[in-house]
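Dropping the structure in here first, questions after.
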2 protein chains.
Amino acid sequence: MSAQSWLTHLQTNGYRLTGARRAVISTIATSTRPLSPAEVYEAARAEYPGLGLVTVYRTIEKLEKLGLIQRVHKPQGCQAFITAANGHQHLLLCQICGSTLLFSGDEMEQLYQDIAEQTGYIVRDHWLQLFGICSQCLEGQHV
Amino acid sequence: MSAQSWLTHLQTNGYRLTGARRAVISTIATSTRPLSPAEVYEAARAEYPGLGLVTVYRTIEKLEKLGLIQRVHKPQGCQAFITAANGHQHLLLCQICGSTLLFSGDEMEQLYQDIAEQTGYIVRDHWLQLFGICSQCLEGQHV
DNA sequence: TTACTTGCAAACGTTTTGCACGATT
DNA sequence: AATCGTGCAAAACGTTTGCAAGTAA
C-alpha cells in the first residue's frame, strides 16, 4: 500500500488531509525500518517544519486504528511502527541495520491445529517474528 | 524451574538472598499469567510489606539478565514478565484470563531455512506467540 | 567488617490531556 | 460556517538514578 492510498483511506473514514498528516504518512510509508514517534517527528519535520510531536502521536494512533501501520516488538523496545502486514505475513528484522521484510507464513496453520489439540486452547491469532542479518549487512561486515 | 532454584541461582551468581527478593521471586514464579512490575509490587507486599517498587524493578532486571524470567509482548503492552521458556519453547496466551502456557515448536526449523533461502537473511532468532482462549475460559463463557 | 541491597525522593523520558487558535471541508 | 486538527504547555505515567541507612555474608 502506498502513501497515496493511505491518504484516500483516511479521507474515506472522515479524517481530513493536512500537511502534518501527509508528512507523517510519507515518512512511515517510505521507511525501510521501524520508526519511533520521536524518529517520525524528526524526519517528518524536513517535509513539514511546523509539525508538533503531539500530532505525530495522534496521527500514529489513527493510522494504527485503520490498520495501515503496526507496532514492531523488539528486545530493545516496542515503540516503533512500520507499514502494516497484509493478511498472514510475518516480520523479518535485521539485527544490524534494522531493516524489515515481510514474508508469508501460511505453512503454520498445521502447527496451530496441533497446538490447539494438545492444549485445549482455541488459537485465534499469532505473532511470528524472525531476527537475523540481511544480505546487505552480511556483505558489509563480519558477524 | 522452581522459586527455590531461582534463589540458589541468584546466590551462585554472587547476589544476596533477601526478603524482598524472595517475595518478588515467589510472586512471579507462582503466577500463571504475566505480571507487570506494579502488579508484582502489589502482590509481593502481602509477603513482604516493606517492599519498595524500585526494588521490584531492580530484581526483575537481575532475573531477566540471569534468564530466569522473560518479558511478554502483547497488543496491550509489553511490561509483563513470566518464568522464562526452556530452549525452543513458545508462548500461548489466553485472551480472556491472561494465563500463559509454554509449548515446544521445533517443527519450525524448516520454515526458517526456507525464509533464509528466499530472503538472503541469516535467521538467528525468532519469536512466536499464539493468542487464543484456554479450555477453562471456553467452558465458562461464550465467545 | 565489608560490600551489597534497600527504600525514599527526585530526576528523567515518553505519552497523554486541556485548550485556544488555525485549517479543511 | 461548522467541525476537525494543530501546536503549545502542562500533566500524567512508568522507569531510572542518587544517596544515606540497613542487612547479608
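In the text below, chain A, chain B and the rest are named by the order of the sequence lines, each starting its count at 1.
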Starting at the 5' end of DNA chain D and moving along, which residue's nearest nucleotide shows up first, B/Pro37 or A/Val56?
->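 Comparing both residues, the 5'-ward one is A/Val56.
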What's the CD-P distance between A/Glu39 and C/dG13, to the nearest Å?
->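 Those two atoms, CD and P, are 16 Å apart.
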Establish whether the base of D/dT3 is bridged to the side chain of A/Arg16 by a donor-acceptor pair shorter than 3.5 Å.
->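 Donor-acceptor pair under 3.5 Å: yes.
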Whole angstrom value for the distance that separates C1' of C/dC12 from OH of B/Tyr57 =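 That distance rounds to 13 Å.
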Calculate the interatomic distance between A/Tyr15 atom OH and D/dG5 atom C1'; express it in whole Å.
->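 From A/Tyr15 OH to D/dG5 C1': 12 Å.
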Establish, with yes or no, whether the OP1 or OP2 oxygen of C/dT6 is under 4.0 angstrom from a side-chain nitrogen or oxygen of B/Arg21.
->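 Answer is yes, contact under 4.0 Å.
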Atom CZ of B/Arg22 to atom P of C/dT5: distance rounded to whole Å?
->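 After rounding, the gap between these two atoms is 13 Å.
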To the nearest Å, give me how far apart CG (B/Leu53) and P (D/dT17) are.
->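 After rounding, the gap between these two atoms is 14 Å.
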Would you please classify the geometry between the B/His90 ring and the B/Phe103 ring as parallel, tilted or perpendicular, with 30° and 60° separating the classes?
->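 Rings of B/Phe103 and B/His90: tilted, 30 to 60°.
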Would you say A/Thr18 reaches D/dT6's phosphate, i.e. side-chain N/O to OP1/OP2 under 4.0 Å?
->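 True: A/Thr18 side-chain N/O within range (under 4.0 Å) of D/dT6 OP1/OP2.
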Which is true for B/Gly50 with a 4.0 Å heavy-atom rule: it touches a base, it touches only sugar-phosphate, or it touches nothing?
->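 Since only primed, P, OP1 and OP2 atoms lie under 4.0 Å of B/Gly50, the category is sugar-phosphate.
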Are any of B/Gln11's side-chain N or O atoms less than 4.0 Å away from OP1 or OP2 of D/dA24?
->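 Answer no for this pair, as no side-chain N or O of B/Gln11 is under 4.0 Å from OP1 or OP2.
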Could you tell me whether B/Trp127 and B/His73 have their ring centroids closer than 6.0 angstrom?
->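 Yes, the ring of B/Trp127 comes within the 6.0 Å limit of the ring of B/His73, centre to centre.
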For A/Tyr48, which contact category applies under a 4.0 Å heavy-atom criterion: base, sugar-phosphate, or nothing?
->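 Sugar-phosphate: the residue A/Tyr48, judged by heavy atoms under 4.0 Å, touches backbone atoms but no base.
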A/Ser5 OG to A/Leu68 CG distance, which is reported to the nearest 0.5 Å =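 Output value for this atom pair is 7.0 Å.
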Compare the minimum distances between each of D/dC8, C/dG7, C/dT5 and the side chain of A/Arg58, then state the nucleotide with the smallest one.
->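 My answer, after comparing the listed nucleotides, is D/dC8.
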Do the ring centers of B/Phe131 and A/His126 come within less than 6.0 Å of each other?
->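 For B/Phe131 and A/His126, the ring centres are not under 6.0 Å apart.
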Just how far, in rounded Å, is C1' of D/dG14 from CD of B/Gln76?
->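 Atom-to-atom, B/Gln76 to D/dG14, this comes out as 18 Å.
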Protein-nucleotide distance (A/Lys62, atom NZ; D/dG5, atom P), rounded to Å |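 Taking NZ of A/Lys62 and P of D/dG5, I get 6 Å after rounding.
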Which of the following nucleotides, D/dT17, D/dA25, C/dT5, is nearest to the side chain of B/Val54?
->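 In terms of side-chain proximity for B/Val54, the closest of D/dT17, D/dA25, C/dT5 is D/dT17.
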Quickly work out the A/Asn13 CG to D/dT3 P distance and round it to whole Å.
->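 Between P of D/dT3 and CG of A/Asn13: 20 Å.
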Interatomic distance, B/Ile122 atom CD1 to B/Arg124 atom CZ [nearest 0.5 angstrom] |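 Result: 7.5 Å between the selected atoms.
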Sugar-phosphate only, base, or nothing, as touched by A/Glu61 at under 4.0 Å among non-hydrogen atoms =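 No contact at all - A/Glu61 keeps every heavy atom at 4.0 Å or more from the nucleic acid.
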